[in-house]
Amino acid sequence: MNQRFCGDLWQRYPGDWDRIERMALISGGQIRMANLSVVGSHHVNGVSMLHANIIKNDVFKDYAEITPDKFIGITNGIAHRRWLCQSNPGLTALLDECIGPDYRHNPEVLGDFLKYQDDQTVLKRLEEIKYQNKVRFAERVAKTNGVAVNPESVFIVQAKRLHEYKRQLLNALRLISRYQMLLADPDMDIRPETYFFAAKAAPGYDMAKQIIKLICYLSKEIEANPKIREKLRVVFLENYCATMAEYMMPAAELSEQISLAGKEASGTGNMKLMINGALTIGTLDGANVEMTEEVGEDNIFLFGLHADEVEEVWRKGYSPSHYYQQDARLERAVERLKKGFASMDFSNIHQYLMVGNYGVADPYMCMADFTDYCRAHDEVAKLYEDRMLWNKKSLINIAKAGRFAADRAIREYADRIWNIQPVK
Ligand SMILES: *Cc1c(COP(=O)(O)O)cnc(C)c1O
């Protein structure tokens, strides 16, 4: 296969050895699995528009030049009959009442729910349903984890595999700075918040396990302080799985989708949370870009570098101390890692952020987005105080989630990749 393919390339690009070497299937005694997949497939799909563009214009640029039609983009979707109809019976009943049951088989019909965006009765019902879901989830957490979370607090959720690019560490750094703020002024008047992390780490992924450990020890130290834990609670839920997600998504009020721009191919957790009425705080990454297109910038909390800006910072050189010097909160939070939490030292994470373990500091640039992340969270907190406006934005998110149903994605695969017709 390699010989045949390189032969074809030689016909097309005579003498262009650099290109042919780059595109070869075998090189340096190794088989290049990604190249082999592209050459062996009749289509290559990007799972969000951003991902499709990166694949076509960057990762597989050379291949797109010879077979441009091979590269397509079909944005992922979720099974809405599972993630809405089955897991959120309260919201499903409200939708049935307002727009009828057709959205179950035709998710775009969810758009009809927009008619109710200024209906105070419906907005109030939405808030009550969310509260009941929070109570149900809190009961489950009490049983399985032995922590009594307060359903009156704001439920903020980051649920996804533990990975550096997803930046649970950015979330944790902000929570450290929030904890420090409350230590300095324990009587500060803030609305109680509960931060849920749900994640698994791959068995051999050491850094991921270090981050889990940090979150758990931060949580442990806060739990030992009765005054602070009333306002700021951090809960790490182990063994994250689909069953847990089915209880958690309907209870979430804020969805954390904070990967470094350009790293998350699509994300589907973002869609599950959106269809259950959570507002999103996120970067312009993966399907978040299209979620923004759907709801408009007023109905999502965006922050951070864009994918092209990330590339530029890389080219110029990422310097953690630069960000550290510009934001005293960030400096204090990062320095606090050396002292650690609940008698556990986290200098290793300090080292990872500031100088790196192999000479490259934090390849996912948590510190570059920290200040803007805090700004976006301050906006969330402010909006939350206007309950009816929050509920309205929640309703708009639900109504605009139809595009992210798997029904649409599967239909596009059938049309554009599989070339099959639906059965009558
Ligand atoms: C949806 C889901 C995921 C994917 O979440 P992302 O936020 O898109 O990474 C992972 N694990 C479980 C159990 C899920 O239900």
Side-chain angles (χ1 to χ4, degrees), residues 45-52 54 73-88 107 133 137 140-141 144-145 155-172 195-203 205 207-208 211-212 215 235-292 294 300-302 304 364 373 397 401 403-410:
N45 185 46
V47 294
S48 68
M49 287 311 152
L50 182 77
H51 186 231
I54 290 172
I74 302 176
T75 300
N76 278 162
I78 51 153
H80 77 291
R81 284 174 291 279
R82 177 185 197 150
W83 294 105
L84 171 63
C85 305
Q86 186 176 272
S87 62
N88 197 339
N133 291 336
F137 183 58
R140 210 182 144 80
V141 169
T144 57
N145 296 76
F155 278 19
I156 300 166
V157 169
Q158 186 170 17
K160 45 188 73 260
R161 283 172 303 119
L162 206 306
H163 200 291
E164 287 162 87
Y165 87 77
K166 291 175 180 285
R167 297 203 293 193
Q168 281 94 351
L169 183 54
L170 171 60
N171 189 343
Y195 290 86
F196 295 95
F197 290 85
K200 278 176 182 166
Y205 190 173
M207 190 59 206
I211 295 168
I212 292 178
I215 296 164
V235 180
F236 184 87
L237 299 167
E238 75 277 18
N239 198 27
Y240 178 47
C241 60
T243 301
M244 190 204 294
E246 286 177 348
Y247 285 92
M248 183 156 44
M249 301 306 179
E253 294 175 285
L254 186 67
S255 160
E256 298 267 356
Q257 305 299 335
I258 63 176
S259 52
L260 178 65
K263 300 297 177 191
E264 185 72 84
S266 158
T268 54
N270 48 1
M271 302 166 185
K272 297 170 200 165
L273 286 152
M274 177 191 193
I275 207 166
N276 281 286
L279 302 198
T280 300
I281 183 167
T283 48
L284 274 174
D285 201 13
N288 298 352
V289 177
E290 289 141 89
M291 283 164 51
T292 306
E294 286 297 316
I300 187 165
F301 301 94
L302 295 175
Y364 301 100
Y373 179 48
N397 271 267
R403 176 172 171 192
F404 305 105
D407 290 5
R408 187 265 318 145
I410 295 295

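All values below were derived from every heavy atom in this structure, side-chain atoms included, with hydrogens, water molecules and symmetry-related copies excluded. Note that the structure is a prediction, hence the values are computed from the model and not measured. Just so you know, residue 1 is the first one in the sequence shown, and it goes up from there. Note that ligands are numbered from 1 as they come in the structure, with each ligand's atoms numbered from 1 the same way.
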Ligand 1 and N270, any nitrogen or oxygen pair closer than 3.5 angstrom?
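No, N270 has no N/O under 3.5 Å of an N/O on ligand 1.
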Polar contacts were defined as any N/O atom of the residue lying under 3.5 Å from an N/O atom of the ligand; does this apply to E264 and ligand 1?
no
Return the set of residues passing ring pair (Phe, Tyr, Trp, His ring centres under 6.0 Å) with F301 (not counting sequence neighbours), or none when no residue passes.
none
Note the single closest protein heavy atom to atom 12 (C) of ligand 1, along with its residue, its atom name and the distance in Å.
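Protein heavy atom at minimum distance: Y240 CE2, 3.4 Å.
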With a 3.5 Å distance limit and no angle check, can you tell me whether R408 reaches the backbone of P107 through a side-chain donor-acceptor pair?
no
So does W83 get a backbone contact from the side chain of N276, meaning a donor-acceptor N/O pair under 3.5 Å?
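Yes, N276 side chain to W83 backbone: donor-acceptor pair under 3.5 Å.
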Residue selection (non-hydrogen contact nearest atom 15 (O) of ligand 1) among H163, K272, K200:
K272
Could you work out, for atom 13 (C) of ligand 1, the closest of S255, C241, G286, A245 by heavy-atom distance?
C241
Give a yes/no on ligand 1: does M271 have at least one heavy atom closer than 4.0 angstrom to it?
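Heavy atoms of M271 never come under 4.0 Å of ligand 1.
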Looking at ligand 1, would S266 count as a contact under a 4.0 Å heavy-atom criterion?
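Contact absent.
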For Q158, side chain to side chain donor-acceptor pair (under 3.5 Å) partners two or more places apart:
N171
So which bit of M244 gets within less than 4.0 Å of ligand 1, heavy atoms only: side chain, backbone, both or neither?
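It is neither part, as no heavy atom is under 4.0 Å.
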Taking all heavy atoms of A287 and all of N270, pick out the closest pair and write down the distance.
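Of all heavy-atom pairs spanning A287 and N270, the closest is CB-ND2, 4.0 Å.
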